[in-house]
Amino acid sequence: MSSTVKFLFISVFLLGGCTAGKNDGSAGKLKVGLVFDIGGRGDKSFNDSAYRGLEKAKADFDIYTEYVEPGSGADRESALRMFASRGFDLVFGIGILFTDDITRIANDFPDVDFVCIDYNISEGLNVPDNLAAINYSEQEGSFLVGSIAGLMTKTGTVGFIGGMDIPLIHKFETGFVQGVKEVNPGCRVLVAYAGVTGEAFKNPAKGKELALSQYHSGADIIYHASGSTGLGVFEAAREKDMLAIGVDSDQYHEAPGNILTSMIKRVDVSVYHIIRNKMTGQFEGGIKQLGLKDNGVGYIYDENNRFLISPDIISRVEELKRKIIDGEIEIQLEEK
Amino acid sequence: MKYLRRIAVPVFAAGLFLAAYGYYWNRYVVELDVVYTSDGHGHVFPSMMYKDGKKTAIGGMSALGNFLGRLKRDYLLADSGDIFQGTPEGILTEGRIVVELMDLLGYDVMAVGNHDFDMGRETLEELSGLAGFPMLGANIIDAGTGLNPGYIKDAFITELNGVKVGFTGILTQDMKFITMGENIEGLEFADPLETANESAARLRKKGAEIIILLSHQGAEKDMQLAEGLEGVDIVLGGHTHLKFDEPKKVRRVLICEPGCHFQYAGHLKIYYSIIERKIMSYSNRVVPLLASRYPGKKEIDEFISESFGELTARMNEVIGASDVLMLHRTYGEDSKNGELALGNWQTDMMRELTGCDFAFQNSGGIRAAIPDGDIRVRDVWELSPFGNTLVKMVLKGSQVRRLLEQSASAKQSRLQVSGLKMIYNSSLPEGRRVLNIIIKDEEAGLSEIEDEKEYTVVTNSFLAEGGDGYSVFSEGTEIEDTGLILRDEEIKYIKGNSPIHARIEGRMINVSLDEDW
Amino acid sequence: MTDFVLNILLQTVRISVPYILAAVGGVFSESSGVINIGLEGIMLNGAFCSVVGTYYLGNPWLGLIAGVTGGIITSVIHAVSCIRYKVNHIVSGVAINIFAVGITKFFLILVFGSSSNSARIIPLKLITFPVIGGISPVIVITVFIVVLAHVILFKTPFGLRLRACGENPAAADSLGINVWLMRYSGVAISGALAGLAGAWLAMQQSQFTSNMSSGRGFIALAAMIFGKWTPLGATGAALIFGLAESIQIHVQTMGVNIPSQFIQSIPYLLTIIVLSGLIGRSEPPAAVGKPYPEELSL
C-alpha cells in the first residue's frame with residue numbers, strides 16, 4: 001500500500017473517530033478495542049473465548065469496548081491502526097497471525113497498550129514495552145490430557161492428530177506423548193498431521209479419515225489439535241463409538257459421550273485479567289508465558305464427562321499437575 | 001525594578017496565604033488519635049505467624065501496652081469485639097483476664113462480637129459489669145422488652161482534646177447461623193444500617209461531632225453498609241480478621257480493619273477543624289506489634305503472672321509433638337482445594353473415636369496452627385477453643401452429597417472430611433459442583449456414595465445444630481451427643497500418639513480452572 | 001492383510017468420491033468450452049445447501065437434492081458471467097470461490113449462529129454389502145454417474161454437440177447447435193456434480209464446517225486434466241489421488257519414517273508431470289475459455 005493510500009485510510013478513520021467519538025458513551029471510560037482472528041465471533045473456540053473475556057470485563061468494569069471481525073489479511077493491520085489512532089487505551093489482537101502487525105503498530109503508537117494472544121515468539125523479534133505478548137504452554141495442558149489418555153486406554157494405543165505440521169502444533173504433540181508415557185510407558189502413540197498448509201486446520205474430511213485409520217490401527221482415544229479438522233475426528237469417534245479429546249475450548253457438545261475431555265486455553269481469562277490490570281494501572285508489556293500455574297491452560301472435568309473418567313484418574317492427574325507446577329516434571333520441547 | 005515588583009507581589013501574597021493557612025491549621029485543627037483493635041480472641045500472649053516457613057512472634061496485650069506507652073498524646077482506644085474466645089486464658093477465666101487487661105490498658109469502648117456470646121449471656125453480662133468501659137451493640141435487642149439488654153449499650157460519647165466523639169456499635173445479623181442457639185435465645189438482631197443511622201442521629205443530637213461506628217460484621221458487609229450510612233464518619237470494623245493498611249473510603253465514610261489477635265494496632269489520626277466543624281483529613285497506619293520491636297510491658301506482664309500465673313504454667317505443659325507444621329488456613333495451590341492437614345488429622349481422629357463412616361469438621365472451627373515439634377496444652381486450646389462435643393448421627397448418601405455441595409460453594413468455612421474423598425469443580429453453577437464422592441473401603445475398594453444408603457456421621461456440636469449454615473445436619477436421624485469434648489480428646493490423642501503425623505492427601509480436589517474470575 | 005487392503009481401498013473410495021464427482025463435472029463444463037475453476041466454491045455452496053436442506057426438510061435425500069440445486073445455482077452464476085457477459089473464465093471462477101467462502105459463512109452465522117460449524121444433521125442410511133460392509137449410497141450413485149457421464153458424452157448426440165461447442169463453437173453454430181444453451185448445460189451439469197460432491201462432504205461429517213471443501217475443487221481440476229478431459233480418465237486420476245492420500249494416512253498412522261509432506265505432494269507432482277507432457281500429452285478442448293461469439297468480447 002502506498003503511503004498516500006495509508007494516509008487516506010488513517011484520515012478517514014480519524015475523521016470517523018472524531019464524529020463518532022462525541023456521542024458513543026465512551027467519555028472518561030477506559031476504551032478497549034479487540035480485533036478477532038479470521039473466523040470471528042461464533043467460532044466456538046478462540047475468538048468466542050476472547051469475546052467472553054471482553055464481555056465479562058465489560059460487565060464487571062466501567063469500560064467502553066469495540067471489536068472488529070476482519071475478513072482477510074489486510075484488514076487486520078488497518079483495524080489495529082484504527083483503534084490505536086482513535087485514542088483507544090488497550091487494543092487486542094487475537095491469534096498468532098497478528099504477531100508481526102501488532103509488533104510494528106505497537107512501535108508506531110507508544111502511548112497505546114497492545115495485547116497479542118498466541119504471540120509467535122521468535123528470536124530477534126523485540127517485544128515493545130507497550131505490547132503484552134501472550135503465549136500459552138500448550139504442552140502442559142496436553143501433558144495432562146495425555147496422562148488421562150494413557151491411564152484410560154484399553155488397547156494400549158492412543159492417537160494424536162495435528163492440523164498443520166508446524167512447531168506450534170508440535171508443542172501439543174510432544175506434551176501429549178510425554179503425558180501418555182509418564183503414566184503408561186508401554187503405550188503406543190500414533191501421530192498424524194492433516195497437512196502442510198493452512199487448509200489443514202479446516203479439513204474435517206481429512207480429519208475423519210486420519211482418525212478412522214488410527215482407530216482401525218487400535219487407537220481408542222485420539223487427541224486432536226487441528227481446528228475444525230478435529231470435527232472430523234469427532235465424527236469418526238462417534239461413528240466408531242470411540243473416544244476423542246478436544247482442544248482450545250470445551251468441545252464436549254460437538255460429540256456428547258465421545259469427548260473424553262478437552263485441553264483448554266483460557267483466552268477468556270487472559271483477556272479479562274489484562275483489562276483488569278489495565279484498569280488498576282498494572283498493565284505489563286513483554287512476553288507472558290501462561291501455563292498450568294497461571295490457569296492459562298488446563299483440562300475439563302465437569303458434570304458432562306464425570307461419567308467418562310474415573311475419579312482415581314483425576315486424583316492422579318491432579319498430582320501430575322502439581323508436579324508440573326512445582327517443576328518436578330519438566331516437559332521437553334523437541335528441537336525441530 | 002519592574003521585574004522585581006512583578007515577582008515580589010505574587011511571592012508575598014503566596015507567603016501570606018501560607019502563613020495564614022499554617023496559623024489556621026495550628027490553631028483551629030486538632031489532631032485526634034484513635035487506636036483500634038478487633039478480634040483479640042483472648043490472645044493475651046504473642047501469637048505465632050508462619051510465613052514462607054519462618055516463624056515470627058507477634059502481638060499480645062502486653063505488646064499492645066508497650067505500643068500505647070510510646071504514644072505521647074492522649075488517644076481513644078476502641079475494640080470491635082470477639083475479645084476473649086480463643087485461648088485457654090480467655091476461656092478458663094471466662095473472659096475475665098481479657099477484660100481486666102483491657103481496663104488496665106485503658107480501653108474506652110468496645111463493640112460486642114459474635115464470639116462474646118460463646119460462654120452464654122450471663123458470662124457476657126458479668127464481664128460487662130466488670131469492665132470499666134461500655135460494651136456497645138445498638139442492634140442487639142431483647143425480644144421481650146424491645147430494648148437493648150441492660151448490659152449492652154447502644155452508644156457512648158466521650159471527649160478528646162475538646163472534641164466530642166460519639167461511638168455506636170453493631171453486630172452481624174448472621175448470628176443465628178454462626179452461634180449456638182441457646183446462647184442468644186430471646187435476643188434479636190435488628191437491621192444494622194437502620195440502627196446505626198438512628199444511633200448516629202441520636203449522638204448528633206447529644207452534641208457528638210465525630211461519630212465512629214464499631215462494627216462486628218465483616219469488611220465486605222461494612223463496605224456495603226457504608227453506602228447507606230448517614231452521619232457516621234468512620235467505621236472501625238472486625239469479624240473477618242482482615243487488615244486494611246490503607247482505609248477504604250466508601251462515599252465519605254472511612255472503613256478501617258485492624259487484623260486480629262492483638263497482632264496489630266490500628267492507629268488513626270483525625271485532623272478536625274474546630275471552626276468548620278468537620279474532618280479535614282486523616283492519616284492511618286496499622287502497626288504490626290512484632291515481639292522484637294514491642295516486647296511486653298512490665299506492669300502488664302506482672303499483673304498476668306500475679307493473677308493468672310498458675311493457669312499459664314498449666315497451659316504451657318508439653319503433651320507431645322507433631323512431625324510437621326500444620327496450618328489452620330490454606331495457602332497457594334491448596335486454597336483452591338480447601339483441604340487442611342489439620343482437618344484431616346481432626347476428622348480422622350473423630351472417626352476413629354466413634355467408629356463412624358464419615359467425619360466432618362468446619363474449617364472455620366480450626367482456629368490455630370499446630371507447630372512442628374513440641375505441642376503444648378495451649379496449642380490445642382487455641383486450635384479448638386470452643387469446647388464443642390462430638391455428635392453422631394445418621395445421614396443418607398443424598399444428604400451427604402448436599403452437605404458437600406454446600407461446602408463446595410462456601411467461601412469461608414468449607415468442610416474438612418474423613419472417610420471419603422470428593423472431586424468438585426467450583427466454576428460450575430452452585431448446587432452442581434460436586435462431581436464425585438468416593439468412599440474407600442478396605443475390602444470393597446473404591447465406590448461412589450449411594451444416595452439411598454444410610455451412613456453414620458460424626459461432627460462437632462456446632463455443625464450438628466446447623467452451624468455455619470450447614471442445615472443438612474439438623475435433618476440427621478439417631479442424633480446422639482457423645483459428650484466427648486473435641487479439645488479434650490485431642491489432648492488425649494496427642495499424648496497417646498506422639499508424634500502425630502498428618503498430611504494433605506488429596507481428599508478434596510477442585511478441578512476448577514477459573515478461581516480468579 | 002485382506003482387512004488392511006480392504007480398509008485402504010474403502011478409504012481411497014471415500015476420499016476420491018468428491019474428486020470424481022467434481023472432476024467429471026469439470027469435464028462437462030470444459031468440454032462445452034467453459035473453464036470452471038469455481039468447482040471449489042460450487043462444492044462449498046453445495047455442501048452448505050445440503051446441510052440447510054436436510055436441517056429444514058428433515059430428510060437427507062432432500063438435502064442431497066438441495067445440495068445439487070445449490071451447486072447448479074452457483075454454477076449458473078458462473079455460466080452467466082462467462083457466457084452472457086464474456087467475463088474471463090478464470091476471473092469469474094476465482095470470484096465464485098471467494099464468494100462461496102463468504103456467503104456460506106454469512107448464512108452459517110445467520111442460520112446456525114456459529115462461524116465454525118452447523119448443527120448436526122441426520123446422516124444418510126448406509127447400504128450394506130457383503131464383505132465390504134456398509135457404504136454410503138452416494139458411492140453407488142457416483143459409480144452410476146461416472147458410467148452415465150461416459151455414455152452421455154461419447155455415445156449420445158447431446159454429448160457430441162456439447163463437445164463440438166468446446167472444440168469449435170463457430171462450426172457447431174453453423175450446424176444449428178445452440179452454443180449458449182450447450183454451454184449453459186455443460187456448466188450446470190458441472191454445478192450439479194460439484195454440488196453433489198459438496199453434499200457428500202457434508203453428509204460424511206453430518207454437518208457443515210466453514211471452508212470444508214479445503215482445496216478439493218482444485219484437486220478435482222487436476223484429476224480432470226490428468227484424466228485428459230474424459231469422465232473415465234478423470235475418475236481414474238481421482239482414484240490415484242485418493243489412493244496416494246490414503247497411503248499417506250496409513251504411512252503416518254503406522255509411524256513409517258517417510259516425511260508426510262513428500263507423500264502428500266505426490267498427486268500434485270503427478271499432475272505437473274502430466275501437464276508438462278511427460279506421460280502422454282493432455283490436450284484441453286480447443287475452444288475452452290474462449291467466449292462465443294468472439295467478436296462481441298471487447
Side-chain angles (χ1 to χ4, degrees), chain A residues 36-48 69 71-72 157 159-162 165 188-219 227-232 234-236 238-239 249 253-256, chain C residues 3-4 6-8 10-12 14-15 17-18 47 98 101-102 105-106 108-110 112-120 123 126 134 197 200-216 218 242 245-255 259-262 264-265:
Chain A
F36 286 110
D37 199 353
I38 301 172
R41 281 172 54 204
D43 71 344
K44 299 187 183 173
S45 178
F46 238 70
N47 291 307
D48 272 353
E69 298 175 72
S72 59
T157 308
F160 171 81
I161 292 176
D165 199 347
R188 212 153 61 99
V189 186
L190 309 177
V191 175
Y193 283 86
V196 292
T197 62
E199 296 289 328
F201 288 114
K202 21 188 153 150
N203 196 342
K206 182 71 177 277
K208 185 175 176 183
E209 291 302 339
L210 285 168
L212 284 176
S213 78
Q214 288 194 348
Y215 286 135
H216 196 261
S217 306
S228 64
T229 298
L231 295 173
F234 298 157
E235 190 57 31
R238 194 198 293 262
E239 202 172 294
S249 51
H253 295 286
E254 299 299 337
Chain C
D3 183 39
F4 180 73
L6 184 69
N7 200 33
I8 289 192
L10 278 175
Q11 186 168 52
T12 302
R14 284 197 304 265
I15 294 173
V17 164
I98 295 174
V101 172
K105 191 173 272 181
F106 175 78
L108 186 59
I109 294 170
L110 203 68
F112 299 104
S114 160
S115 64
S116 145
N117 56 341
S118 72
R120 281 181 59 78
L126 300 185
W200 156 267
L201 279 180
M203 297 282 171
Q204 275 293 92
Q205 301 301 324
S206 305
Q207 65 181 342
F208 178 82
T209 67
S210 170
N211 242 339
M212 72 188 302
S213 52
S214 60
R216 287 187 174 73
F218 299 111
E245 212 170 311
S246 175
I247 289 174
Q248 183 258 344
I249 286 171
H250 276 82
V251 165
Q252 283 201 68
T253 306
M254 290 183 297
S260 63
Q261 288 91 330
F262 174 69
Q264 222 143 26
S265 62

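We name chains A, B, ... by the order of the sequence lines, and we start the count at 1 in each one.
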Notebook entry, point to check: Measuring heavy-atom distances to chain C, does A:I161 have an atom under 4.5 Å in its side chain, in its backbone, in both, or in neither?
Noted result: neither
Next item on the list: Could you look at A:A194 and say if it's the side chain, the backbone, both or neither that has a heavy atom under 4.5 Å from chain C?
Entry: backbone
Margin query: For the interface with chain C, which of A:T229, A:L190, A:N203 has the highest count of heavy-atom pairs at distances below 4.5 Å?
Written below: A:N203
Checklist line | Interface residue of largest heavy-atom contact number with chain A, from C:M254, C:M212, C:H250, under 4.5 Å | finding: C:M212
Notebook entry, point to check: In terms of heavy-atom proximity below 4.5 Å to chain A, should C:L201 be classed as side chain, backbone, both, or neither?
Noted result: side chain
Notebook entry, point to check: Does any heavy atom of chain A fall under 4.5 Å from the side chain of C:S210, the backbone, both, or neither of them?
Noted result: backbone
Next item on the list: Could you tell me the separation between the CG atom of A:L231 and the OG atom of C:S116, rounded to the nearest 0.5 Å?
Entry: 5.5 Å
Margin query: Determine whether A:S213 and C:T253 satisfy the following criterion, side chain to side chain donor-acceptor pair (under 3.5 Å), listing intermediate values before the conclusion.
Written below: CA-CA 7 Å; A:S213 78; C:T253 306; 3.1 Å; yes
Next item on the list: Measure distances from C:N211 to the heavy atoms of chain A and classify the residue's part below 4.5 Å as side chain, backbone, both or neither.
Entry: both
Item checked: Ionic contact status for A:K206 with A:E199, cut-off 4.0 Å -> no
Check: Backbone N or O of A:E254 within a donor-acceptor pair of the A:R238 side chain at under 3.5 Å?
Finding: yes
Next item on the list: Count the heavy-atom pairs under 4.5 Å between each of A:P204, A:A200, A:S228 and chain C, then report the option with the highest count.
Entry: A:P204
Check: Going by atom types only, do C:Q11 and A:H216 share a side-chain donor-acceptor pair under 3.5 Å?
Finding: no
Next item on the list: Supply the atom-to-atom distance A:S217 OG to A:L212 CG, rounded to the nearest 0.5 angstrom.
Entry: 10.5 Å
